[in-house]
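Excluded from the calculations below are hydrogen atoms, water molecules and symmetry mates; all remaining heavy atoms, backbone and side chain alike, are included. When a ligand or atom number is given, it counts from 1 through the structure's own listing order.
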Amino acid sequence: MATQKMLKFVSTPREMPEKRDAATRSEDFREIYQEFAAIKAAEQASRCSQCGVPYCQSHCPLHNNIPDWLRLTAEGRLEEAYRVSQATNTFPEICGRICPQDRLCEGNCVIEQSGHGTVTIGAIEKYITDTAFEEGWVSAAAPAQERAESIGIIGAGPGGLAAADALRRKGFQVTVYDRYDRAGGLLTYGIPGFKLEKDIVLRRNALLADGGVEFVLNCNVGEDISFDAIRGKHDAVLIATGVYKTRDLDMDNANAGGVVRAIDYLTASNKIDFGDEVPDFADGELNAAGKRVVVIGGGDTAMDCVRTAIRQGALSVKCLYRRDRANMPGSQREVQNAEEEGVEFVWLSAPGEFVGHVTGFAAEAQERDVDEVAQIGAVRVQRMRLGAPDVSGRQSPELIEGADYDEPAELVIKALGFEPEDLPKLWGTDGLEVTRWGTVKADFTTHRTSLPGVYAVGDIVRGASLVVWAIRDGREAADAIEDWLTGEARIAAE
Ligand code: FAD
Ligand code: SF4
Ligand code: SF4
């Protein structure tokens, strides 16, 4: 019986693929986890108890059929495991690497709940699709029939690319526009190589192009081409532009020299990883080498910044977060990785002010009655304690008076989260409705916006979120666009 191979969680302990030791991995931008060997993947998959109501599946945003592909892996039927896995996930090898599994599938595995340690779902998902690529089981879109209708997708991040893949497989003509020189969105230029090596993303981009998706890169919609022109060229349009406006600090010298935005810092580092020339890195502005670095924030972006700074050869790296470890938004697994690599977390602390050497334009600053610092020398750190819970139930940080101190820093990286750009204003589209948070208003299942034939997915709708949610949105939007282009909804609207 198939289940004889399963239910091994009592006799077989949980094991992750081997992690490269901290000292070695801190020297480069390669992924830190090794691949499972076939025998280890099968062994770990066999720990699954094949739940009748699998909570892992219900807590996966894509509702991946996890128990089935675990059983097939345990039985050594990897090609079938791959077929089941890719039926619900456009980029399983990417999710396997970077989903915060401890908050999603693995965090809800019943074996984890019963104290035996979760089934290592993410690592097995990655293993299945990496093997599928090696074995040549992954193929580009080859639609049985071409369709004349075309779809313009603005944004080549996971949301846009998941939709592009699904629409192309349905036979539609798909063009993806992106302002960057490479496709992938934050997979390419946000998330560092030590979490997701760039070859993995480029491999997917190449597969999409091989399947007939047309990419128009270095094309900033709103500048190089208008939104209306894109609507005029295509039968339907999908907006998948992500969120890039950085939340800022309201304090003295918030933009002094040496204070940089996380997105600029990570983009530069990723470009260097590709071998590109980056003047702001070459002149030291976006390079942590030899500097005392302070990163402000407690989310995944902050975790990526601290670990990047370590790899660039920073003298020291400290992360300031205003709540404690238990209340931080970033993944605990990433905090542990960062600590192993030498990052120091200063919990319950926040920047009060940036201080430094007043140089150059001090006189001008005085004239304008501004206490301006040209180059950062230190962060004045305020100590906090956790007070009463706010409306969201989280304890609010409260200032401890008189406990401030100066933390020397030559580079400060602001990783405080992202907000949406004002698309209707940028693109001159009054009819495109947005929410009070500035995100594009779209139906939750069809992803239709207020404009006929225009859809929106991913972070620009949800606010800063996760890759797996963008993929889900993109796949759902592709189905809705197909309905629109082939069904009665469009005829009714025309
Ligand atoms: P994006 O990936 O942001 O892609 C949007 C694309 O649109 C970009 O390529 C951009 O160039 C393009 N674009 C924008 N405006 C225009 C325009 N006017 N014209 C043309 N093109 C345009 N999520 C996880 O699940 N796991 C992680 O480990 C993780 N780590 C992260 C680390 C960092 C540093 C950051 C910033 C985010 C991280 N996330 C992570 C979140 C995740 O990357 C996003 O939720 C996801 O990429 C959103 O996908 P998207 O397709 O909506 O947008
Ligand atoms: Fe888990 Fe993410 Fe894979 Fe779903 S897509 S099974 S949440 S790793
Ligand atoms: Fe297997 Fe855990 Fe999912 Fe149950 S919850 S099916 S044990 S992976």
Side-chain angles (χ1 to χ4, degrees), residues 6-7 9 45 47-64 66-67 69-71 85 88-89 91-92 94-101 103-106 108-114 118-119 121-126 154-163 176-180 182-192 195-196 216-217 219-225 227 239-244 262-263 266 299-305 331 334 415 417-418 421 423 426-427 457-474:
M6 308 303 287
L7 287 154
F9 60 91
R47 297 181 67 244
C48 170
S49 73
Q50 298 285 283
C51 304
V53 181
Y55 287 114
C56 56
Q57 182 169 7
S58 45
H59 284 85
C60 164
L62 293 162
H63 300 312
N64 280 344
I66 299 164
W69 46 253
L70 288 174
R71 181 173 49 79
S85 162
T88 52
N89 190 352
F91 308 126
I94 293 178
C95 292
R97 284 171 165 85
I98 59 162
C99 269
Q101 286 109 11
R103 304 205 298 260
L104 301 170
C105 53
E106 294 182 9
N108 291 281
C109 170
V110 292
I111 293 176
E112 170 79 4
Q113 307 294 333
S114 66
T118 177
V119 177
I121 299 168
I124 295 169
E125 188 178 25
K126 161 182 179 275
I154 310 172
L161 294 186
V176 181
Y177 301 84
D178 202 288
R179 61 185 170 191
Y180 287 148
R182 293 182 180 92
L186 289 171
L187 301 177
T188 299
Y189 284 135
I191 299 171
K195 274 165 60 184
L196 174 64
V216 181
L217 299 175
C219 176
N220 193 342
V221 174
E223 277 184 20
D224 301 314
I225 182 171
F227 178 64
I239 302 172
T241 49
V243 289
Y244 286 86
I263 192 70
L266 292 172
D300 288 329
T301 305
M303 297 308 105
D304 290 350
C305 289
S331 150
E334 294 304 302
F418 298 96
E421 278 112 350
L423 283 192
L426 280 176
W427 290 353
V457 296
D459 282 4
I460 191 60
V461 176
R462 295 177 176 274
S465 178
L466 293 174
V467 168
V468 65
W469 284 110
I471 295 172
R472 172 172 164 167
D473 287 358

Please work out whether any backbone atom (N, CA, C, O) or any side-chain heavy atom from C-beta onward of [X] is under 4.0 Å from ligand 1, and answer side chain, backbone, both or neither.
| X | answer |
| --- | --- |
| Leu161 | neither |
| Leu466 | both |
| Glu421 | neither |

Using a 4.0 Å cutoff against the non-hydrogen atoms of [X], which atoms of ligand 3 qualify?
| X | value |
| --- | --- |
| Cys48 | 1 (Fe), 6 (S), 7 (S) |
| Cys51 | 4 (Fe), 5 (S), 6 (S), 7 (S) |
| Cys56 | 3 (Fe), 5 (S), 6 (S), 8 (S) |

For Ile66, counting its heavy atoms only, list the atoms of ligand 2 lying under 4.0 Å from any of them.
6 (S)
Does any donor atom in the side chain of [X] or [Y] lie under 3.5 Å from an acceptor atom in the other side chain?
| X | Y | value |
| --- | --- | --- |
| Asn64 | Gln57 | no |
| Asp459 | Ser465 | no |
| Asn89 | Glu125 | yes |

Consider ligand 1: state whether an atom of it lies below 4.0 angstrom from any non-hydrogen atom of [X].
| X | answer |
| --- | --- |
| Ser465 | yes |
| Tyr244 | yes |
| Ala183 | no |
| Tyr189 | no |

Nearest protein heavy atom to atom 2 (Fe) of ligand 3, by residue and atom, and its distance?
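Nearest protein contact, heavy atoms only, for atom 2 (Fe) of ligand 3 is Cys109 SG, 2.4 Å.
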Closest approach of any protein heavy atom to atom 4 (Fe) of ligand 2, naming residue and atom
Cys60 SG, 2.4 Å
Between the side chains of Arg462 and Asp473, is the shortest nitrogen-to-carboxylate-oxygen separation below 4.0 Å, so that they form an ion pair?
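Looking at Arg462 together with Asp473, the answer is yes, because their closest N to O distance falls below 4.0 Å.
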With respect to atom 8 (S) of ligand 2, which of Gln57, His59, Glu125, Arg103 exhibits the smallest heavy-atom separation?
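Ranked by closest heavy atom to atom 8 (S) of ligand 2, first place is Glu125.
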Please work out whether the ring planes of Tyr180 and Tyr244 are parallel, tilted or perpendicular, with thresholds of 30° and 60°.
perpendicular
Side chain, backbone, both or neither: Val110 near ligand 3, heavy atoms under 4.0 Å:
both
Between Cys95 and ligand 2, find which residue part has any heavy-atom pair under 4.0 Å and reply side chain, backbone, both or neither.
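The answer is both.
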